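Given the structure is predicted, the values throughout are model-derived calculations rather than measurements.
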Amino acid sequence: MPASSVSTPPASPLYDQHGRPLEYLRLAVTDRCNLRCFYCMPEQGIQYMPRQELLSYEEMLRLCSLLAGLGVRKVRLTGGEPFVRRDLMPFIERLVEVPGIADVSLTTNGVLTRPHVPALARLGIRSVNLSLDTLNRERFHRITRRDELPQVLATLQALLDEGIQVKINAVVMEGQNIEDLIPLAELSRELPVDVRFIEEMPFNGGSHAATPASLPWHHQRIRQHLEQHFGALTPLPRPAGATAADYTIAGHTGSVGIIAAYSRTFCGSCNRLRLTPEGGLKTCLYDQGVLDTRALLRGGASDADIRAALAQAFRNRAKDGFEAEQQRPLHQLSFESMATIGG
């Protein structure tokens, strides 16, 4: 039975010490990617982990099962690019059967995704986040260092044809794609998509200087830019734990959203956990990693041992992304690539 129709009674919600529920896991299945987006990694790529150091699918399923027993209800598969990892679809088939997981979704760059879209729909995958920073082929090539825009747009159409909810994620970058904000938002005029504009973050693997303290395109400026073209944006209700502030535009079928990922205005209600490809637990995007689950899994830890270690990590969660950043060694400002974190 697909996870979307599981009727297992939910476990008691799991809370951190700040009273925030932990219900949502972002699971990075690989650190590899077939694009080289300059805001994520250097042109030559990053030093990928040997495959034996990545969590196996069986290890991921065990962790997802344990987390579901603790109250996690949603799992989003990320990377790198999830479809770069072999045998991803059989893994998804098993993941949607995990008792207690009510929602499985994924984030993809869309290059390899199109052939799998019908199967995703059959498995009950209701939502896909599609990374797309521009609709201009030349700029797409410049940003990603690959000429793959037609494949991404074909994936977008295939997802819509299957009735899968699509959220388009666009990172807003000074001097790179500002002229694309309006054309991207225009997609929501006729299409039932949510076009989300994301503040640039420092997770670039050393490809360029970390995001400055004064962010040129912060969330307020992005909204002002959109309103200068479309008129006033109408706020939509914000679900608990949401990172995006979503808006409707008069006459548009879909919506637009703005994610203050660097300003970190949503930390007070964050319900997300992250597992990196090698099993590092992150209770905040900006932390250094708070638990090595791979060591526990491969060291013979029992389920009870792992649950106890997870609970201890949750009880020591940073209050927000700024506190988590300050706790990194030497307050370092050189961050890993987003490909190694899972978005």
Y286 six-ring centre to R264 NZ/CZ under 6.0 Å and within 45° of normal: yes
Indicate yes or no: at least one non-hydrogen side-chain atom of [X] is less than 4.5 angstrom from one of [Y].
| X | Y | result |
| --- | --- | --- |
| L291 | L296 | yes |
| L297 | L55 | yes |
| R26 | K282 | no |
| R32 | L54 | yes |
| L132 | L149 | yes |
| Q157 | D161 | yes |
| N316 | T283 | no |
| P192 | L160 | yes |

Is it true that [Y] and [X] share a donor-acceptor pair across their side chains at a distance under 3.5 Å?
| X | Y | value |
| --- | --- | --- |
| N34 | N109 | yes |
| S263 | H218 | no |
| S255 | D194 | yes |
| T113 | T108 | yes |
| Q312 | R315 | yes |

Does atom [atom1] of [X] have more than 12 heavy-atom neighbours, drawn from other residues, nucleotides or ligands, at distances under 6.0 Å?
| X | atom1 | value |
| --- | --- | --- |
| R114 | CZ | no |
| R51 | CZ | no |
| Q17 | CD | yes |
| E179 | CD | yes |

Qualifying residue for side chain to side chain contact (heavy atoms under 4.5 Å, CB included) with L273, from V290, V75, V72, D16: V72
Heavy-atom closest pair, residues [X] and [Y]:
| X | Y | answer |
| --- | --- | --- |
| P216 | E174 | CB-OE1, 4.0 Å |
| C64 | L95 | SG-CD1, 3.9 Å |
| E200 | V171 | CA-CG1, 3.9 Å |
| A28 | G79 | CB-O, 4.0 Å |
| P277 | D31 | CG-N, 3.6 Å |
| F83 | L120 | CZ-CD1, 4.1 Å |

[X] side chain to [Y] main-chain N or O, any donor-acceptor pair under 3.5 Å?
| X | Y | result |
| --- | --- | --- |
| N177 | D180 | no |
| T78 | T107 | no |
| R189 | H252 | no |
| E53 | E278 | no |
| R36 | R145 | no |
| R142 | Q176 | yes |
| E199 | Y262 | yes |

Quick check for you: to the nearest 0.5 Å, what is the distance between [X] atom [atom1] and [Y] atom [atom2]?
| X | Y | atom1 | atom2 | answer |
| --- | --- | --- | --- | --- |
| I182 | L135 | CD1 | CG | 12.0 Å |
| D133 | L181 | CG | CG | 10.0 Å |
| E138 | D147 | CD | CG | 10.5 Å |
| S56 | R294 | OG | CZ | 11.5 Å |
| I101 | R73 | CD1 | CZ | 6.5 Å |
| R126 | Q165 | CZ | CD | 9.0 Å |

ILVMFWY network linking L236 to I222, side-chain heavy atoms under 4.5 angstrom: no
Common cluster, L310/Y24, ILVMFWY with side-chain heavy-atom separation under 4.5 Å: no
side-chain contact (heavy atoms from CB on, under 4.5 Å) assessment of L123 paired with M89: CA-CA 10 Å; L123 289 171; M89 290 305 298; 3.9 Å; yes
Evaluation steps, side-chain contact (heavy atoms from CB on, under 4.5 Å), between V152 and F140: CA-CA 10 Å; V152 178; F140 185 95; 3.9 Å; yes
Salt bridge present between R94 and E58 (N-O < 4.0 angstrom): yes
Charged N-O contact under 4.0 Å between D246 and R196: no
Stepwise ring pair (Phe, Tyr, Trp, His ring centres under 6.0 Å) test for H225 and F197: CA-CA 11 Å; H225 181 77; F197 299 102; 8.8 Å; no
Worked check of side-chain contact (heavy atoms from CB on, under 4.5 Å) between R272 and K74: CA-CA 9 Å; R272 288 159 171 74; K74 177 176 180 177; 5.9 Å; no
Evaluation steps, side-chain contact (heavy atoms from CB on, under 4.5 Å), between L281 and L275: CA-CA 5 Å; L281 176 72; L275 274 172; 4.2 Å; yes
Mutual orientation of the aromatic rings belonging to F91 and Y57 [parallel < 30°, tilted 30-60°, perpendicular > 60°]: parallel
